[in-house]
Number of protein chains: 2
Amino acid sequence: MKRPPTAADVAALAGVSRSAVSRTFTDGASVSGETRAKVMEAADKLGYRVNHLARSLNSAQPSKLVALVVSDMDHSFRAVTVDLLARGLVADGYRPFLLPWSEGDSTKTVIDMMLNYNVSGAIVTSDTPPAEIADECARYGVPLVLVNKAPVGERTARVMQDTDLAGRLAAQELHDIGCKRILYAGQRRNSFTIGARRDAFLDEVETLGMELVGMAYGTAQNHAGGIEAAEDFLSQGLEVDGAHCANDFFALGFIDGLRRAGHSVPDLMALVGCDDINEAAWPAYDLTTLRQDPQALTRACLDALAERIAAPETTGRLIRIGVTPVRRGSTRRT
Amino acid sequence: MKRPPTAADVAALAGVSRSAVSRTFTDGASVSGETRAKVMEAADKLGYRVNHLARSLNSAQPSKLVALVVSDMDHSFRAVTVDLLARGLVADGYRPFLLPWSEGDSTKTVIDMMLNYNVSGAIVTSDTPPAEIADECARYGVPLVLVNKAPVGERTARVMQDTDLAGRLAAQELHDIGCKRILYAGQRRNSFTIGARRDAFLDEVETLGMELVGMAYGTAQNHAGGIEAAEDFLSQGLEVDGAHCANDFFALGFIDGLRRAGHSVPDLMALVGCDDINEAAWPAYDLTTLRQDPQALTRACLDALAERIAAPETTGRLIRIGVTPVRRGSTRRT
DNA sequence: ATGAAAGCGCTAACAG
DNA sequence: CTGTTAGCGCTTTCAT
């Protein structure tokens, strides 16, 4: 196993200078067609590739590395988002660096990695927001995009769901089919996006003249949490005809929890989730929900990142991603 | 926004040489406690971090970058695996580079990225195997680990499910509850792991004296494919009492497809999936399946990678990951 | 244990 | 358009 060929090797074989080689592989540099051809041939023969690590050492050229800080990858909506983000970054010429982070992890590791490899930017998408990460990024001037997270600092861009719209749409969907007595089900611990959506929902419920009959809680905003919330709801002996759940996973668990007790949706109550994960469309659930387009989310992140990188000193924008109702069986009039 | 501090800045502030700074941050270098203290203080004050890009330029130190080539991230089992792999790599001191690849993409992009950043290794986990990637890696001496893929070249390590065991266990689960007339349902197009599992299953069905009554097909090995297979099955008018599906997602779709036609599992037939994705345990499905431990898979990958990196010239191992049956409602005697 | 000096592979500013 | 020269930030001999 020999070490990879360098520009010098190529230059020697092609009978030109190192610079000629460098220029051949630099966009918009001036090389004659003849030299270029000679270089390309030699490069091809040797299997030469530009070493981007060395290239980015020249402070002019930025590193092209972008950190993708992610938690809760088991959440399929998150997985889809990460996949799209990675593809988008690659398409834009960046190299995504996957930095998993979960509650309890030291933020130091993540920060060190970003700084050690002087990334040209970072996208942070995790529910439980380690504010320190954002703080450090700001401190070291790393362009930062936060997804569905509370604002941190002046110069970070944020991309988030239009939670106000989503909350109100959820209420309207229920109102449209004649619901009057409403339940909200979610996780007990407050979460930024979900909390904002809940507040908008509750507000709109009142505005539309429906009655908020109660709340039901689960531990986490996942399937298990939904089951807990169903049990919580049933134990309260409330009478409701419509409900909104924190997100789709939670809603599916809620349905399963009700089902386990012999009830069914929409017979017992109409139900609206949020996100439109793949599973929501499965016949076993057929859940009405609010679609948040992962493509749009991704696009917004990439645009915001590009903007941050281009003008790191400016104040970061907040981009809101719209949602559209997807009507399915869980809100079908019976 | 000033450029990040360099070792020279730290050296100047601490009143020592650059080398002293370098040594302070190099494991196992000889520095006096006093110098180290001075350096650390200065570094801290300046917010200095070693630039790993520059470090790895010194060919002695390898780059620590590892490519994670992934397709089908929407598949939640894959997402979990990727998450674990990324965490494992980080824990082992590597930096995972996320390279999404999907059918139809040019392999050149992926290969270029790996080579441009001279990664110290790569883990490829995607169903549809771009053999070229493996070939190029071999050509350039990049240590490679393939997950659930056909062998490519002598020097690549492979980690895969013990498909023979899995196929036989699936058959045994059905046999144990008294099934006699068996159906296999999967995607039409052959896939490496799934095909091997199917063959073992069919073989064991025969060995155990059960009868293979028929096959049902769907386009892809996902939920939609399962629904198609259910329709395919129903249209054939077969009578069966037990079935095995290509994987869990497919099995859930199969259940939904049957359900849509008014049938239910296990009343119509007992059903065994494979993987044990989270959704398999949801009450709406309660699917008996074969658990493939993502932790074990991850561990094996990391070990294999370490081995590859340490001894790139040796012949790659094949590590088989065992499976364990998880019995749930879909194979409950009725 | 420490500093000086060389060099990793590359690009860019400079002459020609 | 081309070659020469000087660095990017770091580690590593080599003397001391």
Side-chain angles (χ1 to χ4, degrees), chain A residues 2-40 42-43 46-65 95 112 114-120 140, chain B residues 2-40 42-43 46-65 112 115-120 140:
Chain A
K2 59 206 179 304
R3 63 143 184 56
T6 77
D9 299 332
V10 177
L13 182 62
V16 297
S17 71
R18 296 179 191 73
S19 328
V21 178
S22 173
R23 280 192 271 259
T24 303
F25 291 99
T26 306
D27 282 340
S30 59
V31 211
S32 73
E34 197 189 358
T35 328
R36 153 168 268 116
K38 279 192 294 186
V39 170
M40 287 308 256
L46 262 39
Y48 169 77
R49 316 265 175 159
V50 176
N51 182 336
H52 281 48
L53 262 34
R55 165 180 283 179
S56 63
L57 229 127
N58 251 317
S59 46
Q61 213 86 351
S63 88
K64 288 293 179 183
L65 257 32
R95 305 295 172 258
D112 276 352
M114 303 203 316
L115 268 27
N116 282 335
Y117 285 86
N118 53 2
V119 297
S120 51
Y140 290 96
Chain B
K2 57 202 181 307
R3 63 142 186 55
T6 78
D9 300 332
V10 177
L13 182 63
V16 297
S17 71
R18 298 179 189 74
S19 325
V21 177
S22 174
R23 280 192 269 260
T24 304
F25 291 99
T26 305
D27 282 341
S30 58
V31 210
S32 74
E34 196 189 356
T35 329
R36 151 168 268 114
K38 278 193 294 186
V39 170
M40 287 308 256
L46 260 38
Y48 169 77
R49 318 264 175 159
V50 176
N51 182 336
H52 280 48
L53 260 34
R55 165 179 282 180
S56 62
L57 228 126
N58 252 314
S59 46
Q61 214 87 353
S63 88
K64 286 295 181 184
L65 256 31
D112 277 352
L115 268 27
N116 282 335
Y117 285 86
N118 53 0
V119 297
S120 50
Y140 291 97

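Here the structure is a predicted model, which is why all the values come from computation and not from measurement. Below, chains carry the letters A, B, ... as their sequence lines are ordered, and counting in each starts from 1.
- Checking A:S32 against A:A54, the closest nucleotide of DNA chain D that is more toward the 5' end is the one next to A:S32.
- The CG atom of A:L65 sits 10.5 Å away from the NE2 atom of A:H52 when rounded to the nearest 0.5 Å.
- Of the listed nucleotides (C:dT2, D:dG9, C:dT11), C:dT11 has the atom at the smallest distance from the side chain of A:V50.
- Of the residues near DNA chain C, B:E34 and A:L57, the one whose nearest nucleotide (by heavy atom distance) lies more toward the 5' end is B:E34.
- Of the listed nucleotides (D:dG9, D:dG3, C:dT11), C:dT11 has the atom at the smallest distance from the side chain of A:S22.
- No contact: B:S56 has no heavy atom under 4.0 Å from any strand.
- D:dC1 atom P lies 15 Å from atom NZ of A:K38, rounded to whole Å.
- One interatomic measurement links the two molecules: CZ of B:R18 to P of D:dC14, which rounds to 20 Å at whole-angstrom precision.
- Atom CG in B:N118 sits about 12 Å away from atom C1' in C:dC10, given to the nearest Å.
- Here the nucleotide nearest the side chain of A:R23, chosen from D:dC1, C:dG3, C:dA13, is C:dA13.
- Whole-Å rounding puts the A:L53 CG to D:dG9 C1' distance at 12 Å.
- With 3.5 Å as the limit, one finds no donor-acceptor pair spanning the side chains of A:S22 and A:S19.
- For B:Y48, the side-chain atoms get nearest to D:dC10 when compared with the rest of C:dG3, D:dG9, D:dC10.
- Note on A:V31: only backbone sugar-phosphate atoms sit closer than 4.0 angstrom, heavy atoms only; bases stay farther off.
- For C:dA4, the base has a donor-acceptor partner in the side chain of B:S19 [N/O atoms by modelled type, under 3.5 angstrom].
- The distance between atom CG of A:D27 and atom C1' of C:dT11, rounded to the nearest whole Å, is 14 Å.
- Listed pair B:T6 / D:dG9 fails the phosphate criterion, with no side-chain N or O lying under 4.0 Å from OP1 or OP2.
- Side chain of B:D9 to backbone of B:T6: a donor-acceptor contact under 3.5 angstrom is found.
- The CZ-P distance, from B:R55 to D:dT12, rounds to 8 Å in whole Å.
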**Message:** Applying side chain to side chain contact (heavy atoms under 4.5 Å, CB included) to B:Y117 and B:L115, what does each step give before you reach the verdict?
**Reply:** CA-CA 5 Å; B:Y117 285 86; B:L115 268 27; over 6 Å; no

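- No N or O donor and acceptor, one from the side chain of A:R49 and one from the base of C:dG9, sit under 3.5 Å apart.
- Distance, A:N58 CG to D:dG9 P: 9 Å, rounded to whole Å.
- For B:A7, counting side-chain heavy atoms from C-beta on, the closest listed nucleotide (C:dA1, D:dC10, D:dT4) is D:dC10.
- Protein atom OH of A:Y117 is 17 Å distant from nucleotide atom P of D:dG9, rounded to whole Å.
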**Item:** From CA spacing to verdict: side chain to side chain contact (heavy atoms under 4.5 Å, CB included), B:Y140, B:N118
**Value:** CA-CA 10 Å; B:Y140 291 97; B:N118 53 0; over 6 Å; no

